[in-house]
Amino acid sequence: MKKPEMKQDNPVASPPPVSSVALRPASQVMTLARMGSFHQSRLSFMRVLLRRLKAENWQFKQSRWLIDAKGVGVATYEAIGPERSYTLVAFAHDLPAEKRSDRVIAEAWDATFTLHDGTISDADIERLRQNVPLQEAGRISDDEFVLSRANRSVRLFDYVRDCLAAGNQPDLAMIEPVGYLMRTTAVYGSGKFGAADRDIWANRPEFSGSFQPELLAVWLIRSFTIDIVEHMAVVKAPAKAVKLDPDIRRRIGVGNSTGLGMAPFLINHPSLIHAWINARETALARVRALAATDQAGLAGFLTMIAKAAKNADEWTTDSTYQHGKTQSLRYDLVRLDAFVRSLDADIDQPWDSIYRWGEFNLSLEGQEQLVSLLLEDHGDLIDDLASGMASDEAAHFRIDGSMPLSRLRQMMDTTYGWTKGIDYSQNDALARVWYVSEEKLEPRLGERFEEPIEPYEQPLAPGRDAVRAMKAIGQWIKNPGRSGDDNVAVFLLKHPEHRHIVRRMQTVFTLPYAEIQDNTISAEMQPIDLLRCKLSFFGASKFDPRSDRWLRITMYQGAPFPDELAMLDPDSLFYPPLASTGRPDHERV
Amino acid sequence: MSWSLGEIGALATKAARGSGMDWGLADEAGYAVKWLQRRQLPGVAALCRYLSWRQAGEITNWPDDTARDGHYCPIATGAAYGDGVFGDDLQFARVRTPLLLIPFIALRATNSPVCLSMGKAVFALTQDKFGFSKNDTAILMDSSACQIYAASDDELPEMMTIANAAIPRVPITASACITVLNGFAKNTYAPATEASRLAGAGAGLNDND
């Protein structure tokens, strides 16, 4: 188990206030340990989506429910916006328990889904019925943006069905630790398996930012999971069955089980990752730079701390790695609460004081929770940053061949200076190999010195590759007749093996948060840190690692359903309600 | 049945890597195929032909053997041209599957048109337009002498723009070539072993809960 990074036990006096606040340096932010401690925030994509749907007054309806007594059939859900509409098509299946697996090698699921562009026809449903249930083995078209599937939670689905069938509401104490009735095991978008290319919808304002079609699909899937459990309760006891109470229903999100398939994403999309993290860091700096708050501001912040503490209390995991981190977080939140209570509301730059106290006194898990909490009540100041959380990756593709090698070397020294702390001649520094398995065409992590997998290595170790390229450039320059004035184009003509890292270097040099400043192939690397970082930007909560390389999360737990979006403020619902009665204190708006 | 450009670009990259290209050049192959298919030109077929020809063993080194009877590799040559290794006007005695050169010439095309002659076919490019003097079949040639040059307006073929065009799909007619590319891509996948099945994905805990 990893020790929590406690620096001091006693709250220290706040450092003197500063007049403006710089962004946190990449050397501080871009370590795997810190990225693996990120929490959802106002800028998370689920929250961006729901804010937009609410602001634009989107309408929603279940347009088909053709599900039989065995729970088999098709249902459709329409989301109708100011300019366009979308339809989630859900195919419900009768899956024997022994076939239920979250692993990507599964070939059957309890339900399969696609998000269709526009209102769907019966003919399109028939086309999709031949393909969507097959998932990777089927084909979808330009008219579909997302492909997904989900399995029922053995812990919760039948329990909730049986409660409802008996005319009772399920116990929140049973629901909270799980948080979902069904768990998606993949949510594919952007051209995968024949789906529409991102370019087709990238300019639609409703999808500005990142992963908006995928998260719209997941939000609508959540409605399906409720409808199917209520349907099965009615099948079981037509006369007695009741529907879920809205306040209990809201505590049910959608689960997700995610493995290594997602891990290389953060390395493969440097300019996008920069855009995400830069937005979050800019938001933090804006809040820290605020000159003042008042008693109400501090009181609001204390409420957020209390909600986060409740969330941490409800966060269960069998993982010793995460368990230790969650324990630190619980302790951190108690101390943060005490520190904030000790503050005068009229101090200068109060949020900066709180942040800097946190840096000295909290674990990484606690520090990053604090960052998310500081953003919560400052939507007017930071929500505009969400629109910048995307990237035109093609714009970074072309290599600047005219750059002198001396300049490239200088840039590499700056960008990859952190590699000086890594000895790549040691086996431990090179212990892992990222590869793609022939069996399921999914990313995997293997042991370089124990398995015959090196020939299949994916280029996912930028630190090592940068060190190799710098060495090659050094040798080039030493050769008679050659010099640092030679340009990159000539070097790459002779050394195509360095082309990949040179392109990357030219991309990440101007984007400080584009590169993870850690060894992604070391023996100590925790792949779940990569997954956690990405999932926090999605808006996930309750990270539950099931090993060092796959984990479960909950999405949209607490969020409004389509039929209540107009009445509720989604942003006030992403942390659990405080009322001890189990009745949420949601704010009607 | 059709393919999105995104999946075709990814497949082209993997196929090129699987046939022996370094990752950075394989990325260029993916770029080139997508660029061509975006303009409804036969990029998939071109890469399929080129990789298959190399596979036949005539040439084993990137960027192909130009010493005697060899050919220039269109990807390595194109990438070097795009990087600026060569000047604006140049000639190659033999480029294999020269259609694949065009996306790289586009990187340096500005408002004044640049032409690529491939044997008797001429392809012209500006920043946002393209045109060619022969039909698709003629431009999908196995090999030819090539010349890149700045053209005057009166020698240009009819030019097309793709700025507002719908994003095309790769049609079913490409399926034989896609099967070939999948075969090359397969070389990048590690065969599974029992140990890797369990360890590689980190299974071991019950996931059915």
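The sequence lines fix the lettering, A, B, ..., with proteins before strands; numbering per chain opens at 1.
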Is [X] in contact with chain B via its backbone, its side chain, both, or neither, using a 4.5 Å heavy-atom distance?
X	answer
Ile501(A)	neither
Leu492(A)	side chain
Ser190(A)	neither
Phe193(A)	backbone
Arg155(A)	both
Asn151(A)	neither
Ile200(A)	both
Ala196(A)	backbone

### Query
Which is it for Asp27(B) and His500(A) under the side-chain hydrogen bond (donor to acceptor under 3.5 Å, both in side chains) test, yes or no, and what are the steps along the way?
CA-CA 8 Å; Asp27(B) 288 336; His500(A) 188 80; 3.0 Å; yes

### Query
Looking at Lys192(A), Gln458(A), His498(A), Arg198(A), which has the largest count of heavy-atom pairs under 4.5 Å with chain B?
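Top count of heavy-atom pairs under 4.5 Å with chain B: Gln458(A).
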
### Message
Is there a side-chain contact between Met21(B) and Arg499(A) in this structure, where contact means two heavy atoms from C-beta onward sitting under 4.5 Å apart?
### Response
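Of all side-chain heavy-atom pairs linking Arg499(A) with Met21(B), none is under 4.5 Å.
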
### Query
Does some side-chain heavy atom of Thr188(B) sit less than 4.5 Å from a side-chain heavy atom of Tyr456(A)?
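No; the side chains remain at least 4.5 Å from each other.
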
Could you grab the distance from atom [atom1] of [X] to atom [atom2] of [Y], nearest 0.5 Å is fine?
X	Y	atom1	atom2	value
Asp83(B)	Asn487(A)	CG	CG	8.5 Å
Asp199(A)	Lys34(B)	CG	NZ	6.5 Å
Arg504(A)	Trp23(B)	CZ	CH2	13.5 Å

#### Entry: Under 4.5 Å from a heavy atom of chain A, the part of Ala79(B) involved
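For Ala79(B), the contact with chain A is made by backbone and side chain together.
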
### Query
Is the distance between the ring centroids of Phe397(A) and Tyr31(B) under 6.0 Å?
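Yes; Tyr31(B) has its ring centre under 6.0 Å from that of Phe397(A).
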
### Task
Please indicate whether Asn203(A) has more than 12 foreign heavy atoms, meaning atoms of other residues, nucleotides or ligands, lying under 6.0 Å from its CG.
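Open: at most 12 neighbouring heavy atoms sit under 6.0 Å from CG of Asn203(A).
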
### Query
Looking only at heavy atoms, what is the nearest atom pair of Ala190(B) and Ile453(A), with distance?
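That closest heavy-atom pairing would be CB-CG2, 4.2 Å.
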
### Message
Looking at Ser4(B), is its backbone amide N or carbonyl O close enough to the side chain of Asp197(A) to form a donor-acceptor pair, meaning the two atoms are under 3.5 Å apart?
### Response
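Looks like no, no N/O pair under 3.5 Å.
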
### Message
Looking at Arg503(A) and Glu28(B), is any side-chain nitrogen of the basic one under 4.0 Å from a carboxylate oxygen of the acidic one?
### Response
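A salt bridge is present here (some side-chain N lies under 4.0 Å from a carboxylate O).
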
### Query
Is the shortest distance from a Lys or Arg side-chain nitrogen in Lys186(B) or Glu438(A) to a carboxylate oxygen in the other one below 4.0 Å?
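Answer for the salt bridge query: yes.
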
